[in-house]
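Worksheet for the structure shown next.
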Protein chains: 2
Amino acid sequence: MARPPQISGAEWEVMKVLWEASPLTGSEVAERIGGHPKTVKTLLGRLVRKGALRYTEEGNRYLYRPTLAREKYVAEESKSFLRRVFGGEATPALVHFVETVDLSEEEIQELRELLDRRAKGEKS
Amino acid sequence: MARPPQISGAEWEVMKVLWEASPLTGSEVAERIGGHPKTVKTLLGRLVRKGALRYTEEGNRYLYRPTLAREKYVAEESKSFLRRVFGGEATPALVHFVETVDLSEEEIQELRELLDRRAKGEKS
DNA sequence: TGACAACGACTACAGTTGTAATCCATATTG
DNA sequence: CAATATGGATTACAACTGTAGTCGTTGTCA
């Protein structure tokens, strides 16, 4: 199973709008991210080349849509981030986030419940 | 307060060994990451140019050391990761990690305690 | 003291990225 | 229909990256 292709920062912006709504034309995407249409077109082309997007022709223009769900990319990026910055260890990263970020009471509660569920059993 | 300079993947490897032990000569760094000395020298030079490393001369060679603590970079990279992948929201990222990564009983316990402490007050 | 090894400085070079512009064909508008 | 706007294809181009090689100097070993 081939890994999702590598997506750059600007490309990620493009993917985001297409994960929110697709298919879209190039101009629609450009409009939503508020970027220069030419630039966005370039990015769309690169993403197609990388296999992150497909398109279908609608009259004279293309309709783009993602080939993979956002979650796949999130997982990939997260792993790469963990590897790079935390030597692949999730716990130090979790500790870092919990310690440095503002969390509301509700969020803390949510996370605590999640950990509880995690603690009982759905282990591998 | 100027942000820590942007560090690429290969450069990060170099920084890691210097955060573990410094100062080191170029060859020592190369040895520890097991990379080609020439390549490592290039990276060291770039990091100096970027301001991520300083060096002092020791005889005919340089001794390199980081200009900033690892934590600064970790914070920077983490923020940029959150922004890119999770729209700047920490909680979804935390949820993602807790759900997708294997955590030992002890790690879960550690995180739970951390959340508890977080819940009582020490905002910052 | 002469050959060689190691150093830093500089150079190389292709691939990626961000940001567009140019070119040509077609669609739209007056 | 003519002028223009728009679309995709192609081209541009500098900065950044990964990965080294070349050059000139100097310390070291035989």
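In what follows, chains are A, B, ... by sequence order, proteins preceding strands, each numbered from 1.
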Arg49(A) vs Tyr64(B), nearer the 5' end of DNA chain C by closest nucleotide: Tyr64(B)
Residue-phosphate contact under 4.0 Å: His36(B) side-chain N/O, dG21(D) OP1/OP2: yes
Distance in angstrom units between Leu47(A) CG and dA9(D) C1', rounded: 17 Å
Asn60(A) or Gln6(A), whichever maps to the more 5' nucleotide of DNA chain C: Gln6(A)
Backbone of Tyr62(A) reached by a side-chain donor or acceptor of Thr25(A) within 3.5 Å: no
d(CG, Leu63(A); C1', dG7(D)) in whole Å: 13 Å
Sugar-phosphate only, base, or nothing, as touched by Ser27(A) at under 4.0 Å among non-hydrogen atoms: sugar-phosphate
Under 4.0 angstrom between Tyr62(A) side-chain N/O and dA9(D) OP1 or OP2: yes
Arg61(B) CZ - dA5(C) P separation (whole Å): 16 Å
Side chains of Thr91(B) and Glu89(B), donor plus acceptor under 3.5 Å: no
Between C1' of dA20(D) and CD1 of Ile33(B), the distance in whole Å: 14 Å
Sugar-phosphate, base or nothing in reach of Gly9(A), heavy atoms under 4.0 Å: sugar-phosphate
Donor/acceptor link under 3.5 angstrom from Lys38(A) side chain onto base of dG8(D): yes
Salt-bridge criterion met for Arg32(A) and Glu20(A) (N-O under 4.0 Å): no
Euclidean distance, atom CD of residue Glu13(B) to atom P of dT19(D) [Å, nearest integer]: 10 Å
Polar pair under 3.5 Å, donor/acceptor by atom type, side chain Arg46(A), base dT19(C): yes
dG18(C) phosphate, OP1 or OP2, under 4.0 Å from Thr42(A) side-chain N/O: no
Glu58(B) CD - dG27(D) P separation (whole Å): 12 Å
Nearest-angstrom distance from the residue atom CH2 of Trp12(B) to P of dC16(D): 18 Å
Check ion pair Arg84(B)-Glu77(A) (N to O, under 4.0 angstrom): yes
Partner of Glu11(B) by salt bridge (Lys or Arg N to Asp or Glu O under 4.0 Å), out of Arg46(B), Arg49(B), Lys50(B), Lys16(B): Lys50(B)
Contact under 4.0 Å: Lys41(A) side-chain N or O vs dG18(C) OP1/OP2: no
Nucleotide nearest Thr39(B) (side chain, heavy atoms from C-beta), chosen from dA9(C), dA20(D), dA20(C): dA20(D)
Any Lys50(B) side-chain nitrogen or oxygen under 4.0 Å from OP1 or OP2 of dT17(D): yes
Integer-rounded Å distance: dT16(C) P and Leu43(A) CG: 14 Å
